[in-house]
Number of protein chains: 2
Amino acid sequence: MQTKFETISGKFVPNPEALADDALELVAARFKALSEPTRLRLLAALKGGERNVTELVEFTGTSQANISRQLLVLTQAGILGRRKSGLHTFYFVADKAIYDLCELVCGSVQDRLARQNRAFGK
Amino acid sequence: MQTKFETISGKFVPNPEALADDALELVAARFKALSEPTRLRLLAALKGGERNVTELVEFTGTSQANISRQLLVLTQAGILGRRKSGLHTFYFVADKAIYDLCELVCGSVQDRLARQNRAFGK
DNA sequence: ACCTTATATAACTATATAGTCATACAGTTG
DNA sequence: CAACTGTATGACTATATAGTTATATAAGGT
């Protein structure tokens, strides 16, 4: 699959500089890591600082196995970091920009709901 | 699945106000819409203004059927809008905040690559 | 009316992954 | 070391969905 850009002539040609397919894949992967409610719940739980797995399990209400797997996903995506201490593993947010992202999306979602409500005369 | 928050006592309790599960679902859905390279390519193509389906097919290099489907996904997510004119359907970005999101993520991705390179002494 | 072009959609395949259960592994305590 | 606790992981199921092929629909041109 080849990304192309339009020239002045109006024809599409291979894009020489921006948005290499690799970059798109990375950006898509980052969004994908944020595309599950359970993982967003984990990020919400970690907003106040690091937590161990047991605390996160209690917070989210799903199984420990599942939480460990979702924490792995977020860690491999570079969003979380971890620190081991004895029996415990503490997870923390390594990429604070995540919260800016979430707030932007919250704004978009609210705008959209507002638009829909207006459209229904509410 | 129940979202809970910590109190001063240190115990998790049902969260009375923020981050209703519905909201999390909506935010997750928005991220999910952005989690595919093909859809990001479409957004890149639409940055300069509206385009019809044929142009977008040429730009992305995948099948027309697939493009129509991905455009539908983005439209239903509230990210794109559409306008029909004769034989053509023009798609355009309805939620400009999308580009802020993408730039934030690009920054995060670059930071992360930089960190990795440093870790490898590069 | 017929042909062509632009777009949408149905049916299908292949793949990815969230969640579960059971189990392994690693550190801690007695 | 034996028993326990906290975390990770393998195997599995169920579901979602990207992409394909073929076809339908709809608007224009002749």
Side-chain angles (χ1 to χ4, degrees), chain A residues 1-3 10 12 21 24-43 45-46 50-77 79-92, chain B residues 1-3 10 12 21 24-43 45-46 50-77 79-92:
Chain A
M1 220 176 274
Q2 178 113 49
T3 302
F12 287 119
D21 283 0
L24 277 185
E25 304 271 351
L26 286 174
V27 172
R30 176 63 54 111
F31 281 129
K32 190 169 223 164
L34 300 172
S35 71
E36 281 294 321
T38 298
R39 290 196 285 268
L40 294 181
R41 250 173 235 122
L42 288 172
L43 292 176
L46 291 170
E50 66 176 16
R51 295 281 183 200
N52 66 41
V53 177
T54 304
E55 289 172 321
L56 294 170
V57 168
E58 192 182 352
F59 186 90
T60 54
T62 179
S63 72
Q64 178 266 315
N66 190 33
I67 290 306
S68 278
R69 288 243 332 263
Q70 303 312 324
L71 288 169
L72 185 68
V73 170
L74 288 169
T75 304
Q76 288 180 336
I79 294 170
L80 297 185
R82 50 148 87 169
R83 171 177 79 80
K84 296 206 180 194
S85 167
L87 272 177
H88 300 270
T89 307
F90 289 90
Y91 285 85
F92 53 89
Chain B
M1 220 176 274
Q2 177 113 50
T3 302
F12 288 120
D21 284 0
L24 276 185
E25 303 272 352
L26 286 174
V27 172
R30 176 62 55 113
F31 281 128
K32 190 170 224 165
L34 299 172
S35 71
E36 281 295 321
T38 298
R39 289 196 286 267
L40 294 180
R41 251 173 235 121
L42 288 172
L43 292 175
L46 291 171
E50 66 175 17
R51 295 280 183 201
N52 66 41
V53 176
T54 304
E55 290 172 320
L56 294 171
V57 168
E58 193 182 352
F59 186 90
T60 54
T62 178
S63 71
Q64 178 266 316
N66 190 32
I67 290 305
S68 277
R69 288 242 330 262
Q70 304 311 326
L71 288 170
L72 184 68
V73 169
L74 289 169
T75 303
Q76 287 179 337
I79 295 171
L80 298 185
R82 49 148 84 171
R83 172 178 76 81
K84 297 206 177 192
S85 167
L87 272 179
H88 300 271
T89 307
F90 290 90
Y91 285 85
F92 54 88

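Lettering of chains follows the sequences in order, A, B, ..., and the numbering in each one begins at 1.
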Phosphate oxygens OP1/OP2 of C:dG19: is one of them under 4.0 Å from a side-chain N or O of A:Thr62?
no
Scoring nucleotides 25-30 of chain D by protein non-hydrogen atoms under 4.0 Å (B base, S sugar-phosphate only, - none) yields -BBS--
Who pairs with A:Ser35 by side chain to side chain donor-acceptor pair (under 3.5 Å), at least two apart in sequence or on another chain?
none
What is the separation between atom CD on A:Glu58 and atom P on D:dT5, rounded to the nearest whole Å?
16 Å
The criterion is side chain to side chain donor-acceptor pair (under 3.5 Å); which residues satisfy it with A:Ser68, sequence neighbours excluded?
A:Gln64
Report the distance from atom CG of A:Asn52 to atom C1' of C:dG27, rounded to the nearest whole Å.
14 Å
Please enumerate all residues that pass side-chain contact (heavy atoms from CB on, under 4.5 Å) together with A:Glu25, with sequence neighbours excluded.
B:Pro37
Residues in side-chain contact (heavy atoms from CB on, under 4.5 Å) with A:Glu36, at least two apart?
A:Arg39, B:Lys32
Pairing residues for B:Arg69 by the side chain to side chain donor-acceptor pair (under 3.5 Å) criterion, not counting sequence neighbours:
none
In whole angstroms, the gap separating C1' of D:dG6 from CD1 of A:Ile67 amounts to 14 Å
Given protein heavy atoms under 4.0 Å, the one-letter contact record of nucleotides 8-16 of chain C, with B base, S sugar-phosphate only and - none, is simply BB-B-----
Rounded distance in Å - CZ (A:Arg41) to P (C:dA18)
13 Å
Has A:Ser63 got a side-chain N or O lying under 4.0 Å from the OP1 or OP2 atom of C:dG19?
no
May I ask you to decide if A:Asn52's main-chain N or O and A:Glu55's side chain share a donor-acceptor pair within less than 3.5 Å?
yes
Holding to side-chain contact (heavy atoms from CB on, under 4.5 Å), I want the full list of residues that pass it with A:Glu50, two or more places apart in sequence or in another chain.
A:Arg83, A:Phe90, A:Phe92
Rounded to whole angstroms, how far apart are CD on A:Glu55 and P on D:dT5?
17 Å
Looking only at side-chain atoms of B:Thr54, point me to the closest of C:dA18, C:dA6, D:dA18.
C:dA6
For A:Leu26, which residues count as a side-chain contact (heavy atoms from CB on, under 4.5 Å) partner, sequence neighbours excluded?
B:Val109, B:Leu113
Which whole-number value in Å describes the distance from B:Arg51 CZ to C:dA6 C1'?
17 Å
Between D:dA8 atom P and A:Leu74 atom CG, what is the distance in whole Å?
13 Å
Under-4.0 Å side-chain N/O to phosphate OP1/OP2 contact, A:His88 with C:dG27
no
Do side-chain atoms of B:Ser85 reach the backbone of B:His88 as a donor and acceptor pair under 3.5 angstrom?
no
